[in-house]
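A note on names: the letters A, B, ... follow the listed sequences, proteins ahead of strands, and every chain is numbered from 1.
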2 protein chains.
Amino acid sequence: MKRNSRLSLALHTLSHMAGEPAQVRTSSDIAEHAGTNPVVVRRVLGRLRDAGLLSSEKGHAGGWRLARAPQDITLADVYLALNESLVASTEEPETAECSLEHALHRRVADVLEDVEKTLIHRLSETSISEIRGA
Amino acid sequence: MKRNSRLSLALHTLSHMAGEPAQVRTSSDIAEHAGTNPVVVRRVLGRLRDAGLLSSEKGHAGGWRLARAPQDITLADVYLALNESLVASTEEPETAECSLEHALHRRVADVLEDVEKTLIHRLSETSISEIRGA
DNA sequence: TCATCATGCAACTATCGCAGTTACAAAGAA
DNA sequence: TTCTTTGTAACTGCGATAGTTGCATGATGA
Ligand code: FES
Ligand code: FES
């Protein structure tokens, strides 16, 4: 695994689980399937659980399970749950005095925000259950 | 300077130069103005020169100058000249066997490509000369 | 009850991208 | 020829993140 793999891991796992929504899976199983580490899986899926997409349970027969019907989980839900952005942001200029820099930053930031919204909107058009049949 | 500052540096410098298009500036002057290093400036502006937005000359009275009228240089021109992307890309799954992973990657990649196009289109609506008056 | 299994989490390592820096070669003007 | 400026390679430092180890916590069931 390399860069930006959190979203890939999350989507892969959820799409896989969408095939058998009732099935409980351990982070070890998921990690082996995805070719990564159980701790990494728990880190990523933990965010999805916090967002209400998954539930997790400890102990015997514990593990991870979908918390919603797969057709009610869109790619945007997953993207937002991870709380990361695939669109870069520009940092505020620290020299807040120059109006040119301000105008520039504003302009670019506006465009990037619009683009982020476009991304989320496009992702919301597909649910994880649609991936299997796609 | 921190992250994703190449575009910021490029736009700042070009917008600044748009105020006096005929003026020649050295990378030292530009670096001092932008609060960074001359070598970094040359690295970034070198890309803009390769893309035909700037010209550079060595020796006495040498330096950097706009190669086009500022109203003919759009933010998209600058963005594309840098040959970097502000929209993340997902990497091809190495296990090319699973159709689910393929479908997933395809879907996400399609969305990201669309979003990148949207970004470029939005950036092409503004020229660097418009920033000053904005 | 208590051994076992799973998650939760903290801490550490390895790696990658990138800004910053140093050093020097190459080219052009005075 | 000498000074100035770009062009580039090589290195350092930093931040982000995947991977790893270790252990605490809690649930299950024998
Ligand atoms: S800080 Fe204002 S133009 Fe550079
Ligand atoms: S569903 Fe995981 S590799 Fe195909």
Grab the N/O contacts between the protein and nucleotides 23-26 of chain D below 3.5 Å, and write none if there aren't any.
unit_1 : atom_1 : unit_2  : atom_2 : d
D/dT25 : O2     : A/Lys58 : NZ     : 3.3
D/dG26 : O4'    : A/Lys58 : NZ     : 3.3
D/dG26 : N2     : A/Gly59 : N      : 3.2

The residue among B/Leu48, B/Leu14, B/Val24, B/Ile30 that forms side chain to side chain contact (heavy atoms under 4.5 Å, CB included) with B/Trp64 is B/Ile30

Between P of D/dT5 and CD1 of B/Ile30, the distance in whole Å:
12 Å

How many whole angstroms separate atom CD of B/Glu57 from atom C1' of C/dA30?
15 Å

Does A/Ser56 have a side-chain nitrogen or oxygen under 4.0 Å from the phosphate oxygens OP1 or OP2 of C/dT7?
no

Rounded to the Å, how far apart are B/Leu45 CG and D/dT5 P?
15 Å

B/Leu53 versus B/Asp77: any side-chain heavy-atom pair under 4.5 Å?
yes

Enumerate the protein-to-nucleotides 9-11 of chain D contacts in which both atoms are nitrogen or oxygen and the separation is below 3.5 Å.
unit_1 : atom_1 : unit_2  : atom_2 : d
D/dA10 : N6     : B/Arg43 : NH1    : 3.4

For the side chain of B/Asn37, starting at C-beta, report the closest nucleotide among C/dA19, C/dG20, D/dT6.
C/dG20

Grab the CG-P distance between A/Leu82 and D/dA18 for me, whole Å please.
10 Å

Looking only at side-chain N and O atoms, does B/Thr36 come under 4.0 Å of OP1 or OP2 in C/dG20?
yes

Could you check how far CH2 of B/Trp64 sits from P of D/dT6, rounded to whole Å?
7 Å

Any side-chain to backbone donor/acceptor pair from A/Glu130 onto A/Ser127? Under 3.5 Å, distance only.
yes

On a heavy-atom basis, the closest approach of A/Leu9 and A/Val44 is CD2-CG2, 3.9 Å

Considering just the side-chain nitrogens and oxygens of A/Thr26, establish if one lies under 4.0 Å of OP1 or OP2 belonging to C/dA6.
no

Measure the CG-CG distance between A/Leu86 and B/Leu86 for me, rounded to the nearest 0.5 Å.
12.5 Å

Would you kindly give the CG-to-P distance between B/Asn83 and C/dC18, to the nearest whole Å?
12 Å

Side-chain contact, heavy-atom cut-off 4.5 Å: B/Arg25 with B/His16?
yes

Between A/Arg49 and C/dG8, is there a side-chain N or O to OP1/OP2 distance below 4.0 Å?
yes

Protein-nucleotide distance (B/Leu9, atom CG; C/dG20, atom P), rounded to Å:
8 Å

Is a side-chain donor-acceptor pair under 3.5 Å present for A/Ser28 with A/Thr26?
no

Under 4.0 Å between a side-chain N or O of A/Ser27 and OP1 or OP2 of C/dT7?
yes

So the side-chain hydrogen bond (donor to acceptor under 3.5 Å, both in side chains) pairs with at least one residue in residues 38-56 of chain A (sequence neighbours excluded) are A/Ser27-A/Arg42, A/Arg49-A/Ser56

